Amino acid sequence: MDQKWKKSLYIYVDQYNKSRVVPETEVFSGSGSGLDLGQQERGRRMAKWYEDRGIKPRRCETGVKVLRSAQRNEGDILAEVALHSAFFYEKGGITHREDKVERERLIFAGGNGEAGWALAGVERDIPERGFRRGKGGAASVEIHTLEEAFGQPSLPGPLLSRRVLSTATRDVRYRREDAAAYADRWWNDFNPEYETFAVDCTNYVSQCLFAGGAPINYTGKRETGWWYKGYVGGQEGWSYSWAVSDSLRRYLDGERRSGLRAQIVERPEQLMLGDVIQYDWDGDGRYQHSTVVTAFDAGGMPLVNAHTVPSRHRYWDYRDSYAWTDRTAYRFFHIYDYL
């Protein structure tokens, strides 16, 4: 297969970097880009977002990895790529770094012409919105195994030790620094001790909470408690609250005397390390995404880590996400210091 199309790929990456620093820079967006926004409109929105945050973009460095590519019957090239961007910006005299890994499908056409290969289309999924299955109730969840979502085998991880299943919950201190350290360790990787989901954000946040000392509430029923066992005899062994955003929201909303508990706060600046933010993109009361607080910018606003779209120290409001809409609602959970 002709590899000359990669020259156009590197040009696209260079434009991608420029658009992060100067959002008004025109970058080819192609079709299927998620939101019904043209590139210029999105650029204006991002520029206003930078202004509102009081930041000065400095540079963006993006590495690209071609995950798979194929020449189609039409003669064009379809390439699935992963873009790992490191975005540097200044606020209050301090330089911050944000990392994010996004997947895109790029279409290159014209290889047989005199002009050579050119980027003809960009397709983006919006994984932060989640996949859905079932109709209503607890069965309508946003998680799939990798096999269900992508046709790839999903190997079960080892069961956790009995220590994990302990329900002892008295006088357990929540170790915020440990939760944040775990989040930074695994932001762009998967701990083999746990199963991996195609939509992995809440599974990842639950792991962070557990790493911080939040005690498991094992009930054996997927609809109740907050627990994880892995695969047992080929059957899923975790509660919905462990792996589903809206189920975790309902669990944290609940009242209990001990165990994993949280207080709803009104403003993001009231949060601390290891706290949780959840996102309802449509404002319909169903929360589809979860993040964990891992740092703060120079103005005291939280920066978060997440899975599904792997992110490290990303600004909390996610206005750069293709999932974000002007109806987006947030839930700010401050985890109790003693559980």
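Everything numeric here is computed off the predicted structure, so don't read it as measured data. When reading the values below, keep in mind they use all heavy atoms of this one structure, side chains included, and skip hydrogens, waters and symmetry mates. Along the sequence shown, residues are numbered consecutively beginning with 1.
- Residues Asp125 and Arg105 are paired through a salt bridge, judged by an N-O separation under 4.0 Å between the basic side chain and the carboxylate.
- A cation-pi arrangement, defined by a distance under 6.0 Å to the six-membered ring centre and an angle within 45 degrees of its axis, is present between Arg53 and Trp49.
- Cation-pi geometry between Arg256 and Tyr251 is met: under 6.0 angstrom from the ring centre, within 45 degrees of the axis.
- Classification of Lys221 and Glu223 as a salt-bridged pair fails, no side-chain N sitting under 4.0 Å from a carboxylate O.
- The side-chain heavy atoms of Phe108 and Tyr12, taken from C-beta on, include no pair separated by under 4.5 Å.
- Between the side chain of Arg176 and the backbone N or O of Leu273, at least one donor-acceptor pair lies under 3.5 Å.
- One finds the CG atom of Asp275 at 9.0 Å from the CG atom of Leu209 (value rounded to the nearest 0.5 Å).
- Between the CD atom in Gln278 and the OG atom in Ser290 there is a gap of 4.0 Å [rounded to 0.5 Å].
- At most 12 heavy atoms of other shown residues, nucleotides or ligands fall within 6.0 angstrom of atom CZ in Arg257.
- Under a 4.0 Å N-O distance rule, the pair Arg124/Glu104 qualifies as a salt bridge.
- From Asp320, atom CG reaches atom CE of Met46 across 6.0 Å, with rounding to the nearest 0.5 Å.
- The aromatic rings of His307 and Tyr204 sit parallel to each other, their planes meeting at less than 30°, with 60° as the upper class boundary.
- Between Arg249 and Asp280, no side-chain nitrogen of the basic residue sits less than 4.0 Å from a carboxylate oxygen of the acidic one, so the salt-bridge criterion is not met.
- Partner Tyr50 forms a side chain to side chain contact (heavy atoms under 4.5 Å, CB included) with one of Ile55, Val22, Val21 and no other, that one being Ile55.
- A salt bridge is absent between Arg286 and Asp284; no separation between the charged side-chain nitrogens and carboxylate oxygens falls under 4.0 Å.
- No option in Trp187, Trp186, Tyr182 other than Tyr182 meets the side chain to side chain contact (heavy atoms under 4.5 Å, CB included) test with Cys208.
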